[in-house]
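Both counts, for ligands and for their atoms, begin at 1 and track the order of listing.
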Amino acid sequence: MVQPRPRPHLLRCVGQAFKGCRATHSSSDSYRLSIARLLDDKPAYAKDVVVTGFVRSIRNQKQRSFASIGDGSSLESLQALLTPAQAQSLSTGTAVRFTGSWRPSPNPKAQSHELHVADVDIIGPAEASTFPLQKKYHTPEYLRTMPHLRTRVPLNSTLLRFRSDAIAAVTNMFYKDGFTQSHTPIITSSDCEGAGEVFHLDSSQKGPKTKDDDGTFFRAPKYLTVSSQLHLEALAQSVGNVWTLSPTFRAEKSDTARHLSEFYMLEAEISFTEDMNDVMRVVQNTIGAITKDLESGSRVGKELLSVSPDLDLLPRRWRGGSRDFPKVTYTEAINILRSSSHQFEYEPRWGAGLQAEHERYIANELGTSWDASVPVFVTHYPKVIKPFYMLSTAANENSRETVDCFDLLVPEACEIVGGSMREHRLEPLIKSMQACKMIPPGPIPSDDELGELKWYIDLRRWGSVPHGGFGLGFDRLLAYLAGVPNIREMVTFPRWVGRCEC
Ligand SMILES: NC(=O)C[C@H](N)C(=O)O
């Protein structure tokens with residue numbers, strides 16, 4: 001009988017201290033561990049440990065040299081002890097593989113352990129004279145000029161890992177709550193928000209030659225998506241609650257710390273509900289999923305707090321999401337703004353949009369009504385300043401027509417979430433589109449007149465149900481939670497007006 005070949009021991013660990021930890025087998029019977037793993041597990045002693053990473057700095061003494069190594073898995077570096085001869089061809093930026101023994105450090109205040117290097121492999125040399133990152137403070141503006149290298153900076157790698165953890169946390173939450181994750185198209189035919197901020201695809205690319213070929217690839221103008229909402233609405237009417245975390249594009253010429261031309265929006269659509277509170281609760285749960293993860297003592301949470309011990313992370317402010325965020329109507333918000341003695345650049349006026357200064361004021365005033373600051377919901381904005389798809393509020397006071405919608409505001413980033421109940425009835429939807437001049441007036445527009453959104457209107461003809469949803473600016477939320485003042489640090493390759501590098 002043929003004996004099955006024994007499976008290689010991929011997880012054979014070095015010494016008792018490494019039992020159960022994940023390691024990568026290497027040809028020399030030694031084991032590669034991430035720096036985070038070494039630092040977290042703090043094994044007392046281990047030999048033949050392999051560490052790969054990038055030299056952050058080198059310090060030479062007569063008898064020995066010290067290299068500080070980072071591999072992006074941890075904010076902290078690993079201290080490696082070498083002979084001056086071993087350190088000779090190392091410089092900041094060099095990619096290395098060190099094999100050696102991991103031993104308690106004689107100076108535990110500086111680092112608990114250090115790696116006594118036996119073998120040095122230079123995997124990727126770095127030209128010392130031109131490498132632009134040194135072990136010193138570089139301004140965010142300087143680092144933004146080199147997004148391809150920026151994540152070699154420990155704090156930037158922490159932010160990237162924070163993002164990754166946050167995606168895992170929300171994915172888990174939605175999965176547990178029975179939402180279906182969906183991928184919606186990036187190339188679209190319509191401007192969902194009607195704000196004229198779409199990027200047009202360059203359609204000079206020739207498509208297949210046919211008799212009705214107009215010379216463009218899709219034979220009609222196409223855009224990069226400004227929101228997945230309309231497509232999610234279609235899916236919500238087939239499979240129930242859905243969500244997506246997708247790239248979103250806005251050709252908005254806002255050169256601020258809050259705006260990007262390409263960003264990630266987390267959008268969800270909740271079907272078979274007439275209650276906007278159901279939608280707002282999902283917003284809270286989404287934010288709560290990320291903050292709970294931070295609060296649970298995750299590595300990233302600890303790293304963020306170690307950089308900024310005063311960082312007022314939402315978990316501490318919000319006590320684990322056990323309370324609802326404060327809510328105020330737009331009309332109440334306008335009254336608060338108008339009765340304030342604060343000098344606004346733009347006068348707050350019913351019927352006009354809230355400016356960033358107004359949003360900041362409301363978030364500060366109402367978000368600190370508890371013992372610390374939390375986000376604030378502002379609901380029921382005037383219909384005239386909102387997109388066509390929002391459901392009109394049933395009881396409109398003083399003939400001021402409002403819609404069932406909400407924005408979630410924080411002082412640092414202003415609006416981080418926008419959501420609404422959707423107009424799910426055929427005739428009111430057509431009227432609303434006509435009022436927005438999206439389709440011609442008249443009783444029943446023809447299919448041709450309904451244009452690119454005919455499919456969306458069709459959804460109201462066959463089994464339409466009350467539903468609502470929201471879009472959460474994922475990068476803005478993460479920047480807010482991590483205490484990062486500019487969204488451009490939250491995105492590895494940021495694009496904004498005038499800037500698209502790498
Ligand atoms: N899914 C949403 O409700 C987001 C909304 N369409 C927006 O772009 O603000």
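For residues 159-177, the set of pairs meeting the side-chain hydrogen bond (donor to acceptor under 3.5 Å, both in side chains) definition, not counting sequence neighbours, comprises T158-R161, R161-E303, R163-D475.
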Below 3.5 Å only, please: the N or O atoms of ligand 1 paired with protein N or O atoms, distance on each line.
from	atom 1	to	atom 2	distance (Å)
ligand 1	1 (N)	E267	OE1	2.6
ligand 1	1 (N)	F470	O	3.3
ligand 1	3 (O)	Q229	OE1	3.4
ligand 1	3 (O)	R422	NH2	2.9
ligand 1	6 (N)	E193	OE2	2.7
ligand 1	6 (N)	S227	OG	3.0
ligand 1	6 (N)	Q229	OE1	2.7
ligand 1	6 (N)	Y389	OH	3.3
ligand 1	8 (O)	E193	OE2	3.3
ligand 1	8 (O)	R250	NH2	2.9

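Aromatic ring centroids of W243 and F179 lie 6.0 Å or more apart.
Salt bridge R460/E233: present, at least one basic N to carboxylate O contact under 4.0 Å.
Applying the side-chain hydrogen bond (donor to acceptor under 3.5 Å, both in side chains) criterion to T225, with sequence neighbours excluded, gives no partner residue. In this view, D275 and T273, N277, D278 satisfy the side-chain contact (heavy atoms from CB on, under 4.5 Å) rule, not counting sequence neighbours.
With hydrogens and angles left out, the side-chain atoms of E262 and T248 include no donor and acceptor closer than 3.5 Å.
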